[in-house]
Amino acid sequence: MRVGIVGAGLAGCECAMALARADVDVTLFEMKPTTFSPAHASEHLAELVCSNSFRSDDPLSAVGLLKLEMAEAGSLVMDAARRTAIPAGKALAVDRDLFSREITTRITAQPRIRLERREIQSLDDPALAGLDAVVLAAGPLASDALAADLARAIGQQSLYFYDAIAPIVDAASVDYDVAFFASRYEEGEGDYLNCPMDEAAYRRFVADLLAADKVQPREFEKELHFEGCLPIEAMAQRGEMTLAFGPLKPVGLTDPRTGRRPFAVIQLRPENAARTAYNMVGFQTKLTYPEQQRVFRTIPGLAHAEFLRLGSIHRNTFVDAPKTLSPTLELLARPGVFLAGQITGVEGYVESAACGLWLGLSLAARLHGRELPPPPPESALGALLRHLGADAKHFQPSNVNFGLSPELPGRNKKASRKALYAARARDAWTAWKDQYLD
């Protein structure tokens, strides 16, 4: 049994490892370092090009539950993330370089995985001939040639949206007489670096943000954004106080120098274990590079900031999953070709990896002559897969959330709903796992 996987990102690596552990031989195709997308820079696998955070670890959150389910299903990504984690309050954040190196080491050490560094530009590439199955896990930044070939295969133009990357600041350039370490509500050990703003500074910042020059989309592309990852300036356009109630909200934080809550706060999250670099939380942006440096240096504490990476914007490609994919993530127009990761319409690191893990498990079962039913929709993974099959008129990518799950029975108080969703999800997942995975 032989499977070819195109793309060695989170989904591709997760899928490859699940198949290899089930005694399926895998050829994993990765175009780096011969070819790089506009957002990639490292030759290592599973490169994190946006945030270094896998989001909340709270077991009462949907993404926290998804992480638990993945770990119990043998997730490579979750294991590597735990091994390379750095402090980030209630979130699971990693040293992105160590994480990518860990994944690369684990993949190349697996005897049933052969890593072939070359670009696949077509589903009819001779390198894919004779395989028992092909998995397209090229991610949201699939090359233009491969994206065009996929569009031809499914008989429609690929859908797309824009995803913006937040800047990274050199820790040595931050003014620590202004910025202070703290986590909201004093949870954690001061894992975030906070830049406080009074009302006048906040209003000036919003005005500067709105007036700054932005990178314009190409003429033939309509500009669309994923709601969960809006550029900071796009949020500011919704109203002067939008940021103060969004990524710059000061709740749960007290400036130790004044003893009071600031009017607004910019939070910086550590990028690595040594805390030599910080990611500007929520500051994904499409401002031009000169404007980013000018506007972001008006933030208190960042007047002399040195940016190790400035924000950027790139196209993310995904298919209309309900119309193009079977429940097993197989292309309806090309039997034997499967899709995994963000290109299916799941959004986020964790969701992408979970999709790849699920496809690896289910495809391995199929190749061994049995069917693996999907997890129940009450579970986090089951709810995510359910979204891909939703009969939506205008399908859009989604993070995992309780809104994708079946409604709770009866009437429940708002304060107890998360706990009820979480308990139901754990029960449903455990029963399924004990029957099919153990």
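Here the structure is a predicted model, which is why all the values come from computation and not from measurement.
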Does either side chain, that of [X] or that of [Y], offer a donor lying less than 3.5 Å from an acceptor on the other one?
| X | Y | answer |
| --- | --- | --- |
| E14 | S75 | yes |
| Q267 | N194 | yes |
| S326 | T328 | yes |
| W429 | E378 | no |
| R269 | N52 | yes |
| Q121 | S143 | no |

Indicate the atoms forming the closest heavy-atom contact of [X] with [Y], along with that distance.
| X | Y | result |
| --- | --- | --- |
| R118 | A127 | NH1-CB, 3.4 Å |
| G360 | L19 | O-CD2, 3.6 Å |
| H368 | A22 | NE2-O, 2.7 Å |

> Can you check side-chain hydrogen bond (donor to acceptor under 3.5 Å, both in side chains) on Q292 and T285, steps first, answer last?
Replying inline: CA-CA 8 Å; Q292 287 182 52; T285 182; 5.0 Å; no
Taking [X] for the side chain and [Y] for the main chain, is one N or O donor matched with an acceptor at less than 3.5 Å?
| X | Y | answer |
| --- | --- | --- |
| D97 | R101 | no |
| K214 | A212 | yes |
| E116 | F29 | no |
| R83 | L98 | no |
| D170 | E306 | no |
| R21 | G74 | yes |
| D58 | G64 | no |
| S352 | G348 | no |
| N279 | I168 | no |
| R55 | A91 | no |

Is there a side-chain contact between [X] and [Y] (heavy atoms, below 4.5 Å)?
| X | Y | answer |
| --- | --- | --- |
| K413 | R417 | no |
| P167 | F283 | yes |
| F402 | L420 | no |
| N401 | Y421 | no |
| L76 | I107 | yes |
| V346 | F318 | no |
| I5 | V26 | yes |
| E233 | L287 | yes |

> So R112 and V24, side chain to side chain contact (heavy atoms under 4.5 Å, CB included) or not? Walk me through it.
Replying inline: CA-CA 7 Å; R112 286 194 174 272; V24 176; over 6 Å; no
>> As a quick check of understanding, evaluate salt bridge (Lys or Arg N to Asp or Glu O under 4.0 Å) for E69 and K67, giving each step before the final call.
In response: CA-CA 5 Å; E69 294 174 7; K67 292 196 195 82; over 6 Å; no
> Between R366 and E330, does a salt bridge (Lys or Arg N to Asp or Glu O under 4.0 Å) hold up when you go through it step by step?
Replying inline: CA-CA 12 Å; R366 172 187 278 195; E330 189 172 16; 3.4 Å; yes
> Quick one: OG on S362 to CG on L357, what's the gap to the nearest 0.5 Å?
Replying inline: 9.5 Å
> Could you give the distance from CD1 (I154) to CG (L332), rounded to the nearest 0.5 Å?
Replying inline: 10.0 Å
>> Regarding R114 and D25, does a basic nitrogen lie under 4.0 Å from an acidic carboxylate oxygen?
In response: no
> Salt bridge check: are R424 and D427 linked by an N-O gap of less than 4.0 Å?
Replying inline: no
> Step by step, would you call D57 with K90 a side chain to side chain contact (heavy atoms under 4.5 Å, CB included)?
Replying inline: CA-CA 6 Å; D57 247 354; K90 282 189 173 183; 5.8 Å; no
>> Can you tell me which residue among H44, E43, E47 is in a side chain to side chain donor-acceptor pair (under 3.5 Å) with K32?
In response: E47
> Please walk me through it: do D191 and R184 pass salt bridge (Lys or Arg N to Asp or Glu O under 4.0 Å)?
Replying inline: CA-CA 9 Å; D191 297 329; R184 295 190 192 278; over 6 Å; no
> Stepwise, does the side chain to side chain contact (heavy atoms under 4.5 Å, CB included) test hold for V3 with L363?
Replying inline: CA-CA 9 Å; V3 173; L363 187 53; 4.2 Å; yes
> If you count the non-hydrogen atoms of other residues, nucleotides and ligands that lie under 6.0 Å from OH in Y176, is the total more than 12?
Replying inline: yes
> Is the F181 ring parallel, tilted or perpendicular to the Y278 ring (thresholds 30°, 60°)?
Replying inline: tilted
> Would V135 and L359 count as a side chain to side chain contact (heavy atoms under 4.5 Å, CB included) if you check the C-alpha gap in whole Å, the side-chain angles of each, and the deciding distance to 0.1 Å?
Replying inline: CA-CA 9 Å; V135 174; L359 180 56; 3.6 Å; yes
> Stepwise, does the salt bridge (Lys or Arg N to Asp or Glu O under 4.0 Å) test hold for E72 with R426?
Replying inline: CA-CA 11 Å; E72 291 172 357; R426 289 302 291 158; 2.7 Å; yes
>> For F180 together with Y192, are the ring centres under 6.0 Å from each other?
In response: no
